[in-house]
Enquirer: 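Dumping the structure here so I can ask a few things about it.
To find a chain, count down the sequence lines: A is the first, B the second, and so on, and within it residues start at 1. Excluded from the calculations below are hydrogen atoms, water molecules and symmetry mates; all remaining heavy atoms, backbone and side chain alike, are included.
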Amino acid sequence: MLHKMLEERLQQAVASVLPGADVRSVLVRPCPDAKFGDYQSNALMALAKERKMNPRQLAIDVVAKLEVGDICEKTEIAGAGFLNFRIKPSAIAGVLQGALRGEHLFFQKTDHPRDIIIDFSSPNVAKPMHVGHIRSTILGDSLARVLRLLGHRVITDNHIGDWGTQFGMLIFGWKIERFFVNDPALLPDPIAELERVYKMVSQACDGKEESMTQLRQKFSYEPGLDLSSIQPEEVRSRARAELVKLQAGDSQNLDIWNRLQAISKTQFDRVYSRLGVRFDYVLGEGFYNPWLKEVVAELRDRGIAVESEGAIVVSSDGSVPQQQDPFLTQKEGKWVSNPALVQKSDGGFNYATTDLATLQFRWRGGHWGGEPDEIVYVTDARQQLHFRQVFAAFCRWHPEAKARLAHVWFGSILGEDGRPLKTRSGETVKLEDLLDEAEERAFEMVTRKIGEKEQTMSEEQRRDIARIVGLGAIKYADLSQNRQTDYLFSWEKMLSMQGNTAPYLQYAYTRVRSIFRKGNVEGGLGQTGDSLSLEASEEIALAKQLLNFGIVLEAVADDYRPNFLCAYLYDLSGHFARFYESCPVLKSEGAHRVSRLALCDLTARVIKQGLDALGIDTTEQM
RNA sequence: GCGCUCGUAGCUCAGUUGGAUAGAGCAACUGCCUUCUAAGCAGUGGGUCGUGGGUUCGAUUCCCGCCGGGCGCACCA
């Protein structure tokens with residue numbers, strides 16, 4: 001908040017010293033080390049460099065024009081031309097009082113709200129959600145929350161995998177299993193049953209003997225189909241035939257397809273409800289099916305897509321340097337085409353086609369009637385080339401599109417062995433099992449800690465805390481790391497009370513709340529009108545940290561990196577812990593007590609708001 | 001082969017337009033509970049930021065070469 005004012009005034013001062021300079025690059029940032037001051041700007045050095053000026057002289061000239069006496073002490077010029085600002089305690093108290101009056105919580109809503117579509121999670125129908133979906137889901141949800149908090153209009157859209165070749169196999173499997181609506185075989189765990197059937201058919205397609213044997217004992221659902229002697233090749237063609245029928249609108253296959261959707265929706269709803277994730281739209285790949293033919297036709301008409309080896313492909317138009325061209329690759333020293341397929345040689349479409357149709361739908365305002373300012377895709381790193389190709393093809397197709405297209409990618413989740421996370425038996429880890437285990441481990445920990453403190457708490461209460469702590473731990477472990485690095489999954493680390501973890505932050509929150517409970521002083525703080533007295537270094541450091549909440553939220557929004565917010569909240573909690581050690585709250589009196597209660601209140605509010613922006617709950621007691 | 005990406009303390013990771021003496025947690029060691037939750041705090045030790053060049057007043061950050069890991073590269077999504 002204060003840094004914005006400093007920044008504006010500094011920009012004015014620079015503009016008057018260097019008319020015509022682009023002052024947007026003149027930024028004010030928190031100091032890396034408190035000994036230099038509270039905020040700094042190193043932009044003058046860059047400006048001086050561009051103009052071959054003496055940076056210190058420029059700094060002296062700018063400071064002479066700078067009027068910030070109401071906010072900070074004398075501006076210092078250090079080193080090669082750093083400007084260091086030290087905020088006056090009175091200015092800090094002023095901002096804190098604004099927050100106590102409910103005018104703000106150390107951030108401002110944006111002056112330029114953007115319409116932003118965020119595409120994330122994207123699980124597959126008829127399959128269990130697994131650990132591979134967690135990063136996209138959690139990251140996307142958090143980004144949506146942060147952007148909304150800053151006043152942007154966000155549409156979340158879950159682009160589920162409800163279409164494609166696997167449905168041919170699923171429908172074939174459904175038929176030979178003679179499933180019907182509310183089939184008992186599907187009741188206890190329908191997703192697991194569908195997964196079994198899918199595996200059986202897909203492995204039979206690959207010629208696996210065991211699966212072939214199983215399959216040969218199933219029901220031949222139509223004349224001319226003799227399962228007892230069926231060969232892998234026929235399984236493949238049968239599955240393909242079922243897919244073609246589905247795509248042609250066959251009513252029985254559509255019926256089965258709808259049934260698969262319904263079964264999956266139950267699972268998705270269950271998982272998202274546990275995670276506290278909400279979507280404005282769930283428009284699966286199938287939704288875009290009616291447009292695919294037209295997409296390819298248009299691309300061909302405009303010469304963007306051409307036939308190659310029986311397929312329809314988009315390849316390079318030579319508009320960018322070869323090295324940067326997503327449609328080129330080098331083989332044996334020569335640049336060769338590396339096209340994106342939009343139609344297979346058998347006439348089927350693939351995911352580039354669907355993504356282009358989806359992009360067009362979103363760009364044309366299918367969700368709310370207007371062109372969005374930004375469309376964000378949250379997927380894993382492996383899809384980088386795909387999205388570069390899709391974005392490039394789209395820009396050629398609709399050059400007039402202004403929406404910013406962003407691929408927010410993230411690394412893999414690895415097990416403790418450094419290999420992609422798997423269960424002991426080598427299976428992918430199911431998301432629901434992961435959440436169960438998090439809650440179970442958190443429950444054991446809560447129970448143990450409560451026991452150590454010789455306190456009592458009902459099981460229901462402990463379960464409730466464990467749910468909040470366990471899910472928070474999983475989410476926070478993911479969000480607190482730079483999304484682009486692969487991340488090593490460790491129960492021990494994420495549930496640890498030490499370090500940058502959810503339980504540490506949640507615990508810090510309960511310590512604040514406990515003061516208010518003990519002191520019975522809830523509410524009414526904002527109305528006292530008393531001036532705040534910030535004297536102890538721990539009080540001042542905590543207050544200054546509160547001031548920077550907004551800077552961090554904006555950084556998260558600009559770079560799509562929730563880990564900045566995690567680092568900030570960890571720092572804040574550390575400042576609070578130090579304050580808590582050395583500044584008794586309830587035992588202090590007068591202005592000290594008022595000020596300290598105010599710091600506690602604001603700290604709690606920022607932690608709660610910050611965790612909420614990460615999709616993490618807090619609890620009053622731990 | 002080409003492309004993307006990573007390489008920072010023993011381990012797991014941060015590192016905000018290039019900026020000041022590269023940070024945190026774990027692990028090791030030392031203190032602090034008649035005091036608002038010690039699930040905490042304070043402190044000590046630990047680094048050729050893979051490597052070699054270049055640009056710069058200044059490089060973990062930008063550029064180039066090399067070494068090592070991960071991933072991707074035509075009909076799966």
Enquirer: Would you please determine if the base of rG40(B) is stacked by Y507(A), with stacking meaning a centroid separation under 5.5 angstrom and planes under 30 degrees?
Expert: no
Enquirer: Please tabulate the protein-to-nucleotide N/O contacts below 3.5 Å involving nucleotides 68-73 of chain B, giving atom names and distances.
Expert:
{"from": "rC73(B)", "atom 1": "O2'", "to": "N338(A)", "atom 2": "OD1", "distance (Å)": "2.5"}

Enquirer: Pairs counted only when both distances fall under 3.5 Å, Watson-Crick or G-U: show me the 5' to 3' dot-bracket for RNA chain B, [ ] for pseudoknotted crossings and | for other-strand partners.
Expert: (((((((..((((.....[...)))).(((((.......))))).....(((((..]....))))))))))))....
Enquirer: With the criterion being N/O to N/O and under 3.5 Å, what pairs connect the protein with nucleotides 53-64 of chain B, and how long is each?
Expert:
{"from": "rU56(B)", "atom 1": "O2'", "to": "K49(A)", "atom 2": "NZ", "distance (Å)": "2.7"}
{"from": "rG58(B)", "atom 1": "O6", "to": "K49(A)", "atom 2": "NZ", "distance (Å)": "2.8"}

Enquirer: Roughly how far, to the nearest 0.5 Å, is the CG atom of L44(A) from the CD1 atom of I77(A)?
Expert: 8.5 Å
Enquirer: Return the value, rounded to whole Å, for the distance between atom CZ of F410(A) and atom C1' of rC6(B).
Expert: 17 Å
Enquirer: Within this structure, what is the CG-to-P distance between N482(A) and rU12(B), rounded to whole angstrom?
Expert: 16 Å
Enquirer: Under 4.0 Å, heavy atoms only, any strand: does T510(A) hit a base, just the sugar-phosphate, or nothing?
Expert: base
Enquirer: Between R578(A) and E538(A), is there a side-chain N and carboxylate O pair less than 4.0 Å apart?
Expert: no
Enquirer: Could you list the protein-to-nucleotides 21-27 of chain B atom pairs, N/O on both sides, closer than 3.5 Å?
Expert:
{"from": "rU21(B)", "atom 1": "N3", "to": "K35(A)", "atom 2": "NZ", "distance (Å)": "3.3"}
{"from": "rU21(B)", "atom 1": "O4", "to": "K35(A)", "atom 2": "NZ", "distance (Å)": "2.8"}
{"from": "rA24(B)", "atom 1": "O2'", "to": "Y570(A)", "atom 2": "OH", "distance (Å)": "3.2"}

Enquirer: Report which part of the nucleic acid E285(A) touches: base, sugar-phosphate, or nothing (heavy-atom distance under 4.0 Å, all strands).
Expert: sugar-phosphate
Enquirer: Quick one: classify the glycosidic conformation of rC33(B) as syn or anti, with syn meaning within 90° of 0.
Expert: syn
Enquirer: Quick test: give all pairs of protein nitrogen or oxygen and nucleotides 32-36 of chain B nitrogen or oxygen below 3.5 Å, distance rounded to 0.1 Å.
Expert:
{"from": "rU35(B)", "atom 1": "O2'", "to": "K587(A)", "atom 2": "NZ", "distance (Å)": "2.4"}
{"from": "rC36(B)", "atom 1": "O2", "to": "V585(A)", "atom 2": "N", "distance (Å)": "3.4"}
{"from": "rC36(B)", "atom 1": "O2", "to": "L586(A)", "atom 2": "N", "distance (Å)": "3.2"}
{"from": "rC36(B)", "atom 1": "N3", "to": "V585(A)", "atom 2": "N", "distance (Å)": "3.1"}
{"from": "rC36(B)", "atom 1": "N4", "to": "Y580(A)", "atom 2": "O", "distance (Å)": "2.3"}
{"from": "rC36(B)", "atom 1": "N4", "to": "C583(A)", "atom 2": "O", "distance (Å)": "3.2"}

Enquirer: Specify whether Y39(A) and H3(A) have parallel, tilted or perpendicular ring planes, treating 30° as the upper limit for parallel and 60° as the lower limit for perpendicular.
Expert: parallel
Enquirer: Would you classify D162(A) as touching base, sugar-phosphate or nothing, given that sugar-phosphate means primed atoms plus P, OP1 and OP2, and contacts are heavy atoms under 4.0 Å?
Expert: nothing
Enquirer: So that I can tick it off, tell me whether D417(A) and R419(A) are bridged by a salt bridge, with the cut-off set at under 4.0 angstrom between side-chain N and carboxylate O.
Expert: no
Enquirer: Holding to side chain to side chain contact (heavy atoms under 4.5 Å, CB included), I want the full list of residues that pass it with N84(A), two or more places apart in sequence or in another chain.
Expert: C31(A), F36(A), Q40(A), E76(A), A78(A), F82(A)
Enquirer: Should N548(A) be listed as having a side-chain N or O under 4.0 Å from OP1 or OP2 of rU16(B)?
Expert: no
Enquirer: Between K35(A) and D33(A) (salt bridge meaning N to carboxylate O under 4.0 Å), is one present in this structure?
Expert: yes
Enquirer: Between the base of rA74(B) and the side chain of S308(A), is there any donor-acceptor pair under 3.5 Å?
Expert: yes
Enquirer: For the side chain of K453(A) and the base of rA38(B), is some donor closer than 3.5 Å to an acceptor across the two?
Expert: no
Enquirer: Which part of the nucleic acid, if any, lies within reach of Q40(A) when heavy atoms closer than 4.0 Å are counted: base, sugar-phosphate only, or nothing?
Expert: base
Enquirer: When you match Q330(A) and S337(A) each to their closest nucleotide on RNA chain B, which lands nearer the 5' end?
Expert: Q330(A)
Enquirer: So what does A340(A) hit on the nucleic acid, given a heavy-atom distance under 4.0 Å: a base, only sugar-phosphate, or nothing?
Expert: nothing
Enquirer: Go nucleotide by nucleotide along RNA chain B from the 5' end; which of V446(A) and A78(A) gets its closest nucleotide reached first?
Expert: A78(A)
